[in-house]
Amino acid sequence: MQIRNVKQSDYYVVSPTINEWWHGRQMADMLPKLFFDHFTSTSFVAEEDGEIIGFLIGFLSQTHLHEGYIHFVGVHPDYRGRNVGKQLYHQFFEAIKLYGRSIVRCVTSPVNKTSIAYHIRMGFEIEGGNRVVNGIAVHSNYDGPDKERVVFVKKLY
């Protein structure tokens with residue numbers, strides 16, 4: 001497996017696969033092409049035999065100058081459990097350290113128990129929200145009305 005920075009043309013490979021990788025959930029709208037145009041130094045794809053098997057789209061916060069933000073991560077279902085995501089996360093961690101960033105933030109939906117467990121295993125902490133759902137702190141209306149999110153933070157050093 002090789003990990004490299006995303007390039008603009010990767011959008012046309014990744015975008016059509018997103019909903020399929022999420023078993024029909026409509027997720028592709030959450031990843032417009034602008035991420036492949038403007039955040040190439042902090043976004044990555046994992047390839048095996050020339051095919052994209054995973055991706056991580058992240059960026060440097062323009063407001064919080066010690067932070068990086070992971071916007072979207074996906075791993076092909078056939079490659080889950082093989083540390084593809086872990087390697088993509090570590091590549092992002094190393095990239096943002098070069099810019100003097102020491103904090104990583106990201107969010108997930110409270111229904112995505114797999115993602116919540118994964119982030120906790122990766123050393124992220126859940127930031128307190130304004131309510132608790134199934135024992136997990138969530139932020140109500142985080143991404144709009146009735147769109148709760150679990151907010152994660154990880155300190156790199």
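Positions are given from 1 along the sequence.
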Same apolar cluster: [X] and [Y], side chain cutoff 4.5 Å:
X	Y	value
M122	L156	yes
Y118	V84	yes
F35	M27	yes
F36	I18	yes
Y89	V153	no

Do R101 and E67 meet the salt-bridge criterion of a basic N to acidic O distance under 4.0 Å?
->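 So E67 does not pair with R101 through a salt bridge.
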Any salt bridge between K155 and E125, counting N to O under 4.0 Å?
->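 So K155 does not pair with E125 through a salt bridge.
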Which pair of heavy atoms, one from [X] and one from [Y], lies closest together, and at what distance?
X	Y	answer
T40	N5	O-ND2, 2.7 Å
R25	N19	O-OD1, 3.0 Å
E47	G50	OE2-O, 4.1 Å
D29	P32	O-CD, 4.0 Å
A137	G128	CB-CA, 4.0 Å
A95	S41	CB-O, 4.1 Å

I57 vs L31, side chain to side chain contact (heavy atoms under 4.5 Å, CB included): CA-CA, chis, key distance, verdict | CA-CA 9 Å; I57 304 299; L31 192 59; 3.7 Å; yes
Quick one: does any side-chain atom of [X] pair with a main-chain N or O of [Y] as donor and acceptor, under 3.5 Å?
X	Y	answer
Y99	H66	no
R80	V75	yes
N83	K86	no

NZ (K33) with more than 12 external heavy atoms under 6.0 Å |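 Atom NZ in K33 is packed in, count exceeds 12.
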More than 12 heavy atoms of other groups within 6.0 Å of H90 NE2 |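 Atom NE2 in H90 is crowded, with more than 12 foreign heavy atoms closer than 6.0 Å.
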Pairwise distance [atom1]([X]) to [atom2]([Y]) - rounded to 0.5 angstrom:
X	Y	atom1	atom2	value
D78	E48	CG	CD	11.0 Å
F44	I3	CZ	CD1	8.5 Å
S61	I96	OG	CD1	10.5 Å
I126	I116	CD1	CD1	6.0 Å
Q2	D49	CD	CG	8.0 Å
I120	F124	CD1	CZ	11.0 Å

Apply salt bridge (charged side-chain N to carboxylate O under 4.0 Å, His left out) to R149 and list each qualifying residue two or more places apart in sequence or on a separate chain.
->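 Expected list: D143.
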Report the residues that fulfil salt bridge (charged side-chain N to carboxylate O under 4.0 Å, His left out) with K97, sequence neighbours left out, ordered by chain and then residue number.
->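 For K97, the residues satisfying salt bridge (charged side-chain N to carboxylate O under 4.0 Å, His left out) (neighbours in sequence not counted) are E94.
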Below 30° counts as parallel, above 60° as perpendicular, anything between as tilted: where do the rings of [X] and [Y] land?
X	Y	value
F152	H119	parallel
H139	Y142	perpendicular
H71	Y69	tilted
W21	H76	perpendicular

When you check the side-chain N and O atoms of S140 and N130, is any donor under 3.5 Å from an acceptor?
->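 S140 vs N130: donor-acceptor pair found between side chains.
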Taking atom types as modelled, is there a side-chain donor on N141 or E148 under 3.5 Å from an acceptor on the other?
->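 E148 and N141 do not have a side-chain donor-acceptor pair below 3.5 Å.
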Step-by-step side chain to side chain contact (heavy atoms under 4.5 Å, CB included) determination, R105 to E127 = CA-CA 10 Å; R105 294 186 184 276; E127 279 197 329; 2.6 Å; yes
May I have the list of side-chain donor-acceptor pairs in residues 6-16 shorter than 3.5 Å, sequence neighbours left out?
residue : atom : partner : partner atom : Å
Q8      : NE2  : D37     : OD1          : 3.3
D10     : OD1  : R4      : NH2          : 2.9
D10     : OD2  : R4      : NH1          : 2.8
D10     : OD2  : R4      : NH2          : 3.4
D10     : OD2  : K7      : N            : 2.8

Report yes if the side chains of L34 and F39 come closer than 4.5 Å at any heavy-atom pair, otherwise no.
->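 They are in side-chain contact.
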Kindly say whether the aromatic ring centers of F59 and F92 come within a distance under 6.0 Å.
->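 For F59 and F92, the ring centres are not under 6.0 Å apart.
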